[in-house]
Amino acid sequence: MDLFTKLRPEKQSIREGVTLLTSFADTDILLAEIPVLLGASPLRRMLTPGGRQMQVAMSNCGPLGWVSEPTGYRYTAYDPLSGNPWPDIPLSFRTLAREAAEQAGFSGFEPDACLINEYTPGIRLSPHIDQDEADRNWPIVSVSIGIPAVFQLYGLTRGGRAENIPLYDGDVIVFGGPARLIYHGVKKVERARDARIGEKRINLTFRRAH
Ligand code: SIN
Ligand code: FE2
């Protein structure tokens, strides 16, 4: 390896349909929007269909928001906490999502849903597929902000060994096409501190739900 070979190239193909864009997002710009969004629709720990409380605290912005309830998962136009529409997706968020999708080979991505996930150290997200979206031709665009985490990539069926992908502030992972319905999760987050938001990781996932 010579001096100019990057340890983490800007654009990495992890496998067919999965692209990692390192340090792609300007997270200062994204973080500037977060207080307003969460002021309108606060983070909350939703109940799973099994009746348990999720570890990850969540909220949404956009015409549609993903919710988990004892009756199942769905997209709603209204925040069940307030009865109001979810806040709009800020222009900077939409632009980032479109540009990341474009880089990964999905041109013209216009998300109608953005799930906001908040992790603190010790929290994990167990393996699952994102399959509540009617239109699966569009990818999922997932943006990491704050302290690092390890994204775990499995296959199209449950179980097996995870491929571990460390994600840092500003990294964006795009999965779509043949990888749209892959199992994925997040390993227990290690203790770390971000100068702006403290011991937290915020993840934005952009989807085309309808
Ligand atoms: C998700 O699968 O919805 C979140 C992934 C992440 O936090 O990186
Ligand atoms: Fe997911």
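Read the numbers this way: they start at 1 and go in the same order the structure lists the ligands and their atoms.
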Ligand-side contact atoms (ligand 1) for residue partner Arg201, heavy atom cut-off under 4.0 Å:
6 (C), 7 (O), 8 (O)
Quick one: do Arg180 and Asp135 make a salt bridge, cutoff under 4.0 Å?
no
Which atoms of ligand 1 are found less than 4.0 Å from any heavy atom of Tyr119?
4 (C), 5 (C), 6 (C), 7 (O)
Is the shortest distance from a Lys or Arg side-chain nitrogen in Asp112 or Arg207 to a carboxylate oxygen in the other one below 4.0 Å?
no
Is it true that Asp79 and Arg44 have a side-chain N and a carboxylate O under 4.0 angstrom from each other?
yes
Please tell me if the side chains of Glu199 and Pro121 come closer than 4.5 Å, counting only heavy atoms from C-beta onward.
yes
For Arg207, the ligand 1 atoms whose distance to one of its heavy atoms is below 4.0 Å
3 (O)
With atoms numbered from 1 as shown, which atoms in ligand 1 lie under 4.0 angstrom from a non-hydrogen atom of Leu125?
1 (C), 2 (O), 4 (C)
If you measure from each heavy atom of Arg124 to ligand 1, is any distance below 4.0 Å?
no
Using a 4.0 Å cut-off to any heavy atom of His184, which atoms of ligand 1 qualify?
2 (O)
Which ligand 1 atoms does Val186 reach within 4.0 Å, using its non-hydrogen atoms?
5 (C), 6 (C), 7 (O), 8 (O)
Is there a path from Ile89 to Trp138 through hydrophobic residues (I, L, V, M, F, W, Y) whose side chains come within less than 4.5 Å of each other?
yes
Could you tell me whether the side chain of Val186 reaches within less than 4.5 Å of the side chain of Tyr119, counting heavy atoms only?
yes
Would you check whether Asp130 has a nitrogen or oxygen atom less than 3.5 angstrom from a nitrogen or oxygen atom of ligand 1?
no
For Asp130, the N, O or S atom at the shortest distance from the Fe ion (ligand 2) is OD1
Do Val18 and Val150 sit in one hydrophobic cluster, given that two such residues count as connected whenever their side-chain heavy atoms are within less than 4.5 Å of each other, even indirectly?
no
So the atoms of ligand 1 within less than 4.0 Å of a heavy atom of Phe151 turn out to be 5 (C), 8 (O)
Verify, without hydrogens or angle tests, whether Asp171 (side chain) and Ser144 (backbone) share a donor-acceptor contact under 3.5 angstrom.
no
Geometry at the Fe ion (ligand 2) - His184 NE2 versus His128 NE2 angle, rounded to 10 degrees:
90°
